[in-house]
Amino acid sequence: MNKHLWVAAIAVVLPSIASAQEVNLPPIVVTASRTAQTVDETLAAVTVITREDIERQQAQTVTEVLRGTPGLTISNSGGAGKQSSVFLRGTKSDHVVVLVDGVKIGSATVAGISWQDLPVEQIERIEVVRGPRSSLYGSEAIGGVIQIFTRRGGGETRVYGSVGAGSNDTYQSQVGISGGGERRWLNLGVSHHTTAGFNACNASAGCGAVEPDDDGYRNTAAQLRVGGRIGKTGELDLSALRAWGHTEFDGSWENSNDFVEQVIGGRFAFAPLAPWRVTLAAGNNRSERDYFLDGDFTRYLDTSRDVASLQNDFSLSDHQLLTLGADYQRDKVDATYAYSVRSRDNRALFTQYQATFGKHSILLAGRHDDNEQFGEHDTGNIAWAYAFTPDLRLLTSAGTAFKAPTFDDLYDSWLGNPDLQPERARSAEVGLQGRHWKADWAVSIFRTEIDDLIVSNPPAYVPYNIEQARIDGLEARLSRQILSWTVAANLTLLDHENRSAGDSKGKQLPRRARQSGRVDIDRSFGAFSFGGSVFAEGSRYDDAANTLKLGGYGIADLRLGYAFSKDWRVQAELSNVFDKEYETVAFYNQPGRVWFIGLHYAPTAR
């Protein structure tokens with residue numbers, strides 16, 4: 001697997017794959033196995049979202065970018081800047097590991113991340129890996145892993161930027177500089193997004209207060225990424241991302257906050273010997289919140305996560321790669337309210353073996369975690385693929401995963417439950433992937449069983465373990481060129497239920513739609529580009545007892561672009577064309593019909 005070793009040497013810090021795309025080569029991904037592979041080689045269900053996809057969709061937020069990804073659903077509590085959650089393959093919103101440039105991020109108190117505060121303008125690409133990955137990433141990776149890569153730079157020095165305005169007094173601007181040449185890379189960017197918003201909550205029952213006002217949002221972000229190749233085999237990559245701003249929402253205890261989200265990381269890779277590559281990485285994620293009620297300070301909540309890893313990749317042959325590594329993670333919390341425990345460590349060892357023998361490909365992975373609070377956990381993953389032809393492949397996999405309870409679950413002075421046990425999961429999947437009749441397609445079925453699932457119900461909201469939950473699912477996707485149009489479609493079907501004894505047996509898990517799908521149609525002709533999306537989700541329940549049902553919905557978006565020179569283009573988007581009213585969280589409004597127009601300057605390489 002020497003060729004894979006050198007692919008890893010190039011892709012450790014994900015250099016731009018634009019030149020590969022120009023000759024229609026499949027993109028390189030690193031998240032599925034922590035080693036560089038093409039999408040066609042990986043033995044997992046993977047979706048890659050590029051900068052080109054983000055700009056084509058004219059997305060204003062990260063959740064807009066992710067919306068409609070196979071196996072993924074999103075809930076939002078009232079528009080831009082409001083609490084958003086991502087559910088992957090029907091698992092909980094905190095059952096997904098999220099990385100930014102290789103740094104594992106997330107709140108130590110609630111485990112989820114602030115999707116709403118990540119600046120989409122600073123993102124180069126996103127890799128979504130579906131299925132259990134605790135054998136590589138530890139706690140939380142029950143549903144999968146999402147890795148966000150910030151803008152990287154490289155090539156000629158260029159200045160880029162954009163400005164835009166839209167409904168609800170929404171304004172966006174960004175400016176950046178990119179360059180570095182062939183062996184180095186640099187990108188420095190800043191962005192600003194502000195909106196007056198709309199009334200987030202439509203009923204006092206769900207929000208605790210009657211506040212029929214617009215709930216605005218402001219986000220300013222800065223990003224830096226710099227690195228280069230050292231000698232023949234070495235690479236160094238440093239990155240920093242910081243977003244800060246203000247959010248308004250509805251509530252009787254608090255109705256606004258000031259926030260800071262920060263990720264800093266570094267990675268150094270080198271090859272001491274030809275078949276051996278070493279990667280050292282470390283980083284820190286900070287999340288800071290100051291809360292207010294009508295402008296008066298009420299409390300603060302700050303969390304911090306330090307991570308470090310050592311990974312060794314050994315090329316045993318041209319078609320065999322052995323990986324041995326160690327991870328370290330330390331979570332800390334500092335808050336107005338007392339937590340009986342304010343920090344904890346997790347140490348882990350992991351290994352993985354990948355091989356290809358003729359038409360067969362296999363992956364074996366295992367991990368041992370030692371958590372300061374919960375002791376030791378072992379997880380594993382096995383995958384096998386068989387290539388019937390170069391254009392048709394069968395994939396099967398099975399894996400185990402776990403999720404440690406959060407600081408809030410255990411140590412919150414009001415709602416904590418110190419007797420909680422870690423959640424444990426088992427998953428299995430079978431799928432087919434192919435290219436036929438100028439179409440790229442895939443279909444898979446999967447089952448996930450979760451023991452000791454942590455839930456909470458009103459009115460107490462104290463978390464507790466339930467015996468078991470089961471999730472069955474089907475994912476299908478298809479993309480094809482039809483005449484001059486690019487058509488992409490996907491469908492996800494889920495059957496999820498609480499399997500524990502008692503009144504909740506057979507109930508659906510909350511906030512997961514059982515059906516979801518998306519269709520995108522785009523075309524470019526001359527200087528013009530035109531496209532549209534249709535996105536639909538079935539009904540769902542907002543609570544574990546299935547007493548509060550949210551109806552299904554479908555929305556349509558239209559987009560138009562015009563490049564009036566090589567470097568300048570104007571784009572316009574009309575979202576929710578038919579002004580559909582819907583909710584993804586009970587009592588919280590979603591945007592109606594909105595428009596946005598932007599002017600973009602992006603010099604092409606000369």
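We number each residue from 1, following the sequence as shown.
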Output all residues satisfying ring pair (Phe, Tyr, Trp, His ring centres under 6.0 Å) with [X], sequence neighbours left out; order by chain, then residue number.
X	value
Phe249	none
Tyr328	none
His192	none

Side chain of [X], backbone of [Y]: donor and acceptor closer than 3.5 Å?
X	Y	answer
Tyr291	Trp253	no
Glu127	Ile148	no
Arg512	Gly90	yes
Thr492	Gly71	yes

Distance-only polar pair, side chains of [X] and [Y], donor-acceptor under 3.5 Å:
X	Y	answer
Gln172	Ser162	yes
Asp412	Tyr337	no
Gln174	Ser191	no
Gln122	Arg151	no
Asn219	Trp244	no
Asn76	Gln590	yes
Asp101	Ser239	yes
Glu423	His95	yes
Asn187	Tyr160	yes
Asn168	Thr195	no
Tyr588	Asp250	no
Arg559	Ser533	yes
Asn257	Tyr300	no
Asn312	Trp276	yes
Ser75	Thr584	no
Glu124	Thr150	no
Gln354	Thr35	yes

Please give me the minimum heavy-atom distance between Gln116 and Ser84, naming the atom from each residue. OE1-N, 3.3 Å
Any carboxylate oxygen within less than 4.0 angstrom of a Lys/Arg side-chain nitrogen, looking at [X] and [Y]?
X	Y	answer
Asp369	Arg367	yes
Glu55	Arg51	yes
Arg152	Asp237	no
Asp370	Arg347	no
Asp520	Arg518	yes
Asp331	Arg305	yes

My understanding is that only residues two or more places apart in sequence, or in another chain, count here; which of them pass side-chain contact (heavy atoms from CB on, under 4.5 Å) with [X]?
X	result
Leu186	Leu224, Val226
Phe292	Ser256, Asp258, Asp290, Phe297
Val39	Pro27, Val29, Val48

CA sep, side-chain torsions, deciding dist, call: Arg330, Asp345, salt bridge (charged side-chain N to carboxylate O under 4.0 Å, His left out): CA-CA 4 Å; Arg330 180 173 177 81; Asp345 295 345; 2.7 Å; yes
Is the Phe270 to Phe268 ring centre distance short of 6.0 Å? yes
Salt bridge (charged side-chain N to carboxylate O under 4.0 Å, His left out) between Arg289 and Asp117, worked out: CA-CA 12 Å; Arg289 291 287 191 279; Asp117 297 326; 2.7 Å; yes
Do Phe596 and Thr170 have side chains that get closer than 4.5 Å, going by heavy atoms? yes
Please examine the side chains of Val86 and Trp115, heavy atoms only from C-beta on, and report whether any two atoms are closer than 4.5 Å. yes
If you round to the nearest 0.5 Å, how far is OG of Ser178 from CZ of Arg225? 11.0 Å
Chi angles and distances behind the side-chain hydrogen bond (donor to acceptor under 3.5 Å, both in side chains) call for Glu261, Ser287: CA-CA 5 Å; Glu261 293 291 334; Ser287 179; 2.7 Å; yes
Taking salt bridge (Lys or Arg N to Asp or Glu O under 4.0 Å) as the test, write out the residues that go with Glu288, two or more places apart. Arg286
Run the salt bridge (Lys or Arg N to Asp or Glu O under 4.0 Å) test against Arg477 and tell me which residues pass, sequence neighbours left out. Asp440
Residues 62-90 vs salt bridge (Lys or Arg N to Asp or Glu O under 4.0 Å), sequence neighbours excluded, gives Arg67-Asp557, Arg89-Glu429, Arg89-Glu475
Which residue pairs pass the salt bridge (Lys or Arg N to Asp or Glu O under 4.0 Å) test with at least one member in residues 169-183, sequence neighbours excluded? none
Applying side-chain hydrogen bond (donor to acceptor under 3.5 Å, both in side chains), name anything that partners Arg34, two or more places apart in sequence or on another chain. Gln311, Asp327
With sequence neighbours excluded, tell me which residues meet side-chain hydrogen bond (donor to acceptor under 3.5 Å, both in side chains) with Arg511. Asp542
